[in-house]
Asks: 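If you scroll down you'll find the structure; I have some questions about it.
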Amino acid sequence: MGETEGKKEEADYKRLHTFPLVRHSDMPEEMRVETMELCVTACEKFSNNNESAAKMIKETMDKKFGSSWHVVIGEGFGFEITHEVKNLLYLYFGGTLAVCVWKCS
């Protein structure tokens with residue numbers, strides 16, 4: 001397999017995984033859609049800096065839906081959280097990037 005073929009396959013893989021895949025959510029539909037769009041925007045804007053993407057998501061969620069939002073973005077991690085009911089979104093984006101957004105006071 002040539003170098004050109006490898007780059008083409010990688011580009012095809014990234015194109016297939018440019019949509020958010022919701023793993024779990026108990027948010028109301030409107031909030032979930034807004035949060036998903038925010039997560040996609042932040043992850044695309046800061047594709048090489050998960051910390052900045054998480055900060056953007058958290059600050060926006062705090063302003064829009066009240067304080068105490070938490071955000072984790074990364075690959076290959078496990079977590080166990082306590083959250084307020086109807087305030088959790090866990091999704092995958094870009095193939096391997098996991099994004100978890102939740103609120104707890």
Side-chain angles (χ1 to χ4, degrees):
M1 174 163 73
E3 188 177 319
T4 306
E5 277 185 42
K7 287 182 181 179
K8 183 184 180 303
E9 286 180 10
E10 183 179 338
D12 289 343
Y13 177 79
K14 286 181 178 178
R15 191 176 314 109
L16 285 173
H17 298 284
T18 56
F19 60 92
L21 177 64
V22 176
R23 173 71 189 250
H24 178 78
S25 177
D26 66 354
M27 289 180 170
E29 179 71 16
E30 187 176 321
M31 179 189 268
R32 183 180 60 79
V33 169
E34 286 184 49
T35 305
M36 284 173 48
E37 289 173 356
L38 173 62
C39 291
V40 168
T41 301
C43 289
E44 287 176 342
K45 183 175 182 177
F46 299 105
S47 60
N48 295 321
N49 190 338
N50 291 344
E51 188 175 342
S52 294
K55 184 176 182 179
M56 177 184 167
I57 295 167
K58 183 202 174 353
E59 289 175 352
T60 305
M61 294 296 288
D62 283 347
K63 287 177 190 168
K64 187 150 189 136
F65 300 109
S67 64
S68 299
W69 285 93
H70 305 276
V71 181
V72 174
I73 301 176
E75 298 179 25
F77 63 89
F79 64 94
E80 181 67 32
I81 60 170
T82 302
H83 66 91
E84 291 182 10
V85 176
K86 300 199 181 290
N87 286 292
L88 171 70
L89 175 65
Y90 177 35
L91 61 87
Y92 293 108
F93 179 73
T96 59
L97 194 63
V99 181
C100 186
V101 181
W102 75 97
K103 183 177 185 177
C104 67
S105 333

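Starting from 1, each residue takes its place in the sequence as its number. This one's a predicted model, so the numbers in the text were calculated from it and none came from an experiment. Excluded from the calculations below are hydrogen atoms, water molecules and symmetry mates; all remaining heavy atoms, backbone and side chain alike, are included.
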Asks: Among residues at least two apart in sequence or on other chains, which ones pass side-chain hydrogen bond (donor to acceptor under 3.5 Å, both in side chains) with S52?
Replies: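 Here the qualifying residues are N49.
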Asks: Report the distance from atom NE2 of H24 to atom CG of L89, rounding to the nearest 0.5 Å.
Replies: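 Output value for this atom pair is 9.5 Å.
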Asks: With sequence neighbours left out, what residues match T82 under side-chain hydrogen bond (donor to acceptor under 3.5 Å, both in side chains)?
Replies: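 If we apply the side-chain hydrogen bond (donor to acceptor under 3.5 Å, both in side chains) test to T82, skipping adjacent residues, there are no hits.
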Asks: Would you tabulate the side-chain donor-acceptor contacts of residues 26-39 under 3.5 Å, counting partners in other chains and residues two or more places apart, or write 'none'?
Replies:
| residue | atom | partner | partner atom | Å |
| --- | --- | --- | --- | --- |
| D26 | OD1 | N87 | N | 3.1 |
| D26 | OD1 | L88 | N | 3.0 |
| D26 | OD2 | K86 | N | 3.0 |
| E29 | OE1 | R32 | NH2 | 2.7 |
| E29 | OE2 | R32 | NH2 | 2.8 |
| E34 | OE1 | K64 | NZ | 2.9 |
| T35 | OG1 | M31 | O | 2.8 |

Asks: Side chain of K45, backbone of M56: donor and acceptor closer than 3.5 Å?
Replies: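 No, because the side chain of K45 does not come within donor-acceptor range (under 3.5 Å) of the backbone of M56.
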Asks: Report the residues that fulfil side chain to side chain contact (heavy atoms under 4.5 Å, CB included) with F79, sequence neighbours left out, ordered by chain and then residue number.
Replies: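 Once residues adjacent in sequence are excluded, the partners of F79 under the side chain to side chain contact (heavy atoms under 4.5 Å, CB included) criterion are F77, I81, Y90, C100.
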Asks: Testing the basics here: between C43 and V99, what is the closest heavy-atom pair and its distance to 0.1 Å?
Replies: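 In this case the closest contact between C43 and V99 is SG-CG2, 3.9 Å.
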Asks: Apply side chain to side chain contact (heavy atoms under 4.5 Å, CB included) to S47 and list each qualifying residue two or more places apart in sequence or on a separate chain.
Replies: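 Here no residue qualifies.
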Asks: If you round to the nearest 0.5 Å, how far is CG of L97 from CG of L91?
Replies: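 If I round to the nearest 0.5 Å, the distance is 8.5 Å.
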Asks: Heavy atoms only: give me the nearest I73-A54 pair and the separation to one decimal.
Replies: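 Minimum heavy-atom contact is CD1-N, 3.5 Å.
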Asks: Can you pull out every side chain to side chain donor-acceptor pair (under 3.5 Å) where at least one residue sits in residues 66-81? Sequence neighbours excluded, please.
Replies: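 Of all non-adjacent pairs touching residues 66-81, those that pass side chain to side chain donor-acceptor pair (under 3.5 Å) are E75-T96.
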Asks: For atom NZ of K58, is the number of surrounding heavy atoms from other residues, nucleotides or ligands below 6.0 Å larger than 12?
Replies: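 It does: K58 NZ has more than 12 such atoms within range.
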